[in-house]
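Input: a single structure, listed below in structure tokens.
Whatever order the structure lists them in is the order used to number ligands and atoms, beginning at 1.
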Amino acid sequence: MPPSTSSEKASEPKLPQAAFRFRCISCGSVSASAAQDFRCSQCGNLLEITDPSWKSTSLNVTALKSLWRDRRSSNLPLDRSGVWRFRELLPAPQSEQHVITLREGNTPLYDLPQSSRVTGIPHLYAKHQGMNPTGSFKDAGMTVAATFARQAGYRWVACASTGNTSASMAAYAARGGMRSLVLVPEGKISWSKLSQALDYGALTCQLRTDFDGCLRLLQELVRHAPVYQLNSINPFRLEGQKTLAFELLEQLDWQPPDHIIVPGGNLGNSSAIGKALLEMLDLGLIARLPKLSVIQAEGANALVRTLREAGGKHLVSVQAETRATAIRIGNPASWEKAVKVLQATGGACEQVSELEIAEAKAEIGAEGIGCEPASAVTLAGLKKLVKQHFVKQDETVVLVLTGNLLKDPDFTMDFHRGDLFQSTEHEGESVRLNPFRHPPVVLDATLDAVIRTLEQAEKSDPAHSNV
Ligand code: F0G
């Protein structure tokens, strides 16, 4: 097994000199270091990372494109990471020795033939971030932020989470020899994600509150204890998550799609992708901006309401409730960054119902790739944006699938058994989802029973007979 931390140095080019700075997204003040809460010391708002070397005058974009592609055939750990492969546009650690990588990124871009037919969008793709080492897009940000935690000499890293961040953080902390503290809302995250954190050795606290309560507590904690926070308030996380966009554009031969559609929870990912798109445009890596649209669950629609009711000027928080537990967030930390991205790219912000999420998830499952419920809001949202004529038939659309199907087996089992909407206000309407349900059948262990079941299945679904 090759080492998980980058140690080969002989033929590896030196990392660029660390020249990045923290800039406040509100007052614009710039500093060389950030406090433990990653808030501006002048006005308290969020920080972003800038680097004077990310300029077209310092970088030859044609050479960069071929360097990034060549690294795909290299065996050096940094090159094999789909994040560090793009290190010229990332904050540089002091040494490669600090880099913690699990070979994240390099995720597939799939076409979606069945969803194309349903939506009437022939050029429809899914960028599947659920194919990352811990099963979600979080790994792309975590490799960068955990690296800087280790460089700063922290023993403990910590996060509040709806499950995926904690799974990812715990894995990278373990690989980097750090301890991890996880704060999750009790009973509100999937067992699958919780079990990952346990196996990776995290100190896991299930708090009697929601995600927003966990995040509030974490932000207090970092002011009182020497723990390094790895939520997406940490701007290093967003730098790593930018690489989703670099890699996507590389997969599309640098021809920008018309639309990129992402789920919105704490709004870190939409902010990161938007930042990457703007930087790529600035550098001349792409010639025009795709529209970046954010989709939320109706029950966790803080950004939708912030834009509709407050014109994006102040946050309208909500008491969040949705079975898409990954995005069960009512007080998104990065809302201002996301508003800026929507305005800069001309994207839309929509909400979808629990029924629409379940249907879209089943449709993505039927494509043979699957995803977790929070990711399925993208397809559900696309259907709405097509109806509104915001997305047009001849346009190219990329859905960002943020988490793997295996992340939330309870949701999937409840759906197929017909229990998902039992005793809810959607129970009656949910019968329209019956054609998507494939519950397991229990049979006597005889050839006859299996053959009869096969024949019945053939009769009830003749359309599939010659697929
Ligand atoms: N999709 C999945 C699968 C997620 O886990 C999350 C967020 C999102 C979408 C939303 O992304 O917060 O950047 O807008 N999960 C976080 C967590 C909050 O703790 O795992 P966002």
Give yes if a backbone or side-chain nitrogen or oxygen of [X] is under 3.5 Å from a nitrogen or oxygen of ligand 1, and no if not.
{"X": "F211", "answer": "no"}
{"X": "G403", "answer": "no"}
{"X": "I329", "answer": "no"}
{"X": "S375", "answer": "no"}
{"X": "S270", "answer": "no"}
{"X": "T162", "answer": "yes"}
{"X": "K193", "answer": "no"}

Considering non-hydrogen atoms of the protein only, which is the closest contact for [atom], and what is the distance?
{"atom": "atom 2 (C) of ligand 1", "result": "T402 OG1, 3.4 Å"}
{"atom": "atom 12 (O) of ligand 1", "result": "N266 N, 2.7 Å"}
{"atom": "atom 20 (O) of ligand 1", "result": "T165 N, 2.8 Å"}
{"atom": "atom 11 (O) of ligand 1", "result": "F137 CZ, 3.5 Å"}
{"atom": "atom 13 (O) of ligand 1", "result": "N269 N, 2.8 Å"}
{"atom": "atom 15 (N) of ligand 1", "result": "K138 NZ, 2.9 Å"}

Would you mind checking if [Y] and [X] are paired as a salt bridge, meaning a charged N to carboxylate O distance below 4.0 Å?
{"X": "D419", "Y": "R437", "value": "no"}
{"X": "K340", "Y": "E48", "value": "no"}
{"X": "K387", "Y": "E350", "value": "no"}
{"X": "R328", "Y": "D210", "value": "no"}
{"X": "E220", "Y": "R216", "value": "no"}
{"X": "E239", "Y": "K242", "value": "yes"}

Atoms in ligand 1 flagged as close to [X], the criterion being non-hydrogen separation under 4.0 Å:
{"X": "A374", "value": "1 (N)"}
{"X": "N164", "value": "2 (C), 3 (C), 4 (C), 5 (O), 20 (O)"}
{"X": "E372", "value": "3 (C)"}
{"X": "G264", "value": "14 (O)"}
{"X": "G268", "value": "13 (O), 14 (O), 21 (P)"}
{"X": "I327", "value": "8 (C), 9 (C), 10 (C)"}
{"X": "G265", "value": "10 (C), 12 (O), 14 (O), 21 (P)"}
{"X": "S161", "value": "17 (C), 19 (O), 20 (O)"}

Practice item. Classify the angle between the aromatic ring planes of F86 and F246 as parallel (below 30°), tilted (30 to 60°) or perpendicular (above 60°). Key: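 Judged by the thresholds at 30° and 60°, the geometry between F86 and F246 is tilted.
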Check your understanding: Just checking, is any N or O donor in the side chain of T162 or K188 under 3.5 Å from an acceptor N or O on the other one?
Key ->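 Distance-only check fails for T162 and K188.
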Review point. Taking atom types as modelled and ignoring hydrogens, do the side chains of Q241 and K275 form a donor-acceptor contact shorter than 3.5 angstrom?
Key: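 On atom types as modelled, these side chains do not qualify, holding no pair under 3.5 Å.
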**Study point:** Residue that, paired with W84, satisfies side-chain hydrogen bond (donor to acceptor under 3.5 Å, both in side chains) out of T143, T101, T243, T147
**Key:**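 So the option named by the test is T143.
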Exercise for review: Calculate, to the nearest 0.5 Å, the distance between atoms CZ and CD belonging to R417 and Q422 respectively.
Suggested key: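 The distance works out to 12.0 Å.
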Review point. Are the aromatic rings of F38 and Y228 close, with centres under 6.0 Å apart?
Key: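 Close enough - the centres of the two rings lie under 6.0 Å apart.
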Check your understanding: Does some non-hydrogen atom of Q241 fall short of 4.0 Å from ligand 1?
Key ->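 Distance cut 4.0 Å: Q241 fails for ligand 1.
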Check your understanding: Considering residues, nucleotides and ligands other than W254, do more than 12 of their heavy atoms fall under 6.0 Å from its CH2?
Key ->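 Enclosed: over 12 neighbouring heavy atoms sit under 6.0 Å from CH2 of W254.
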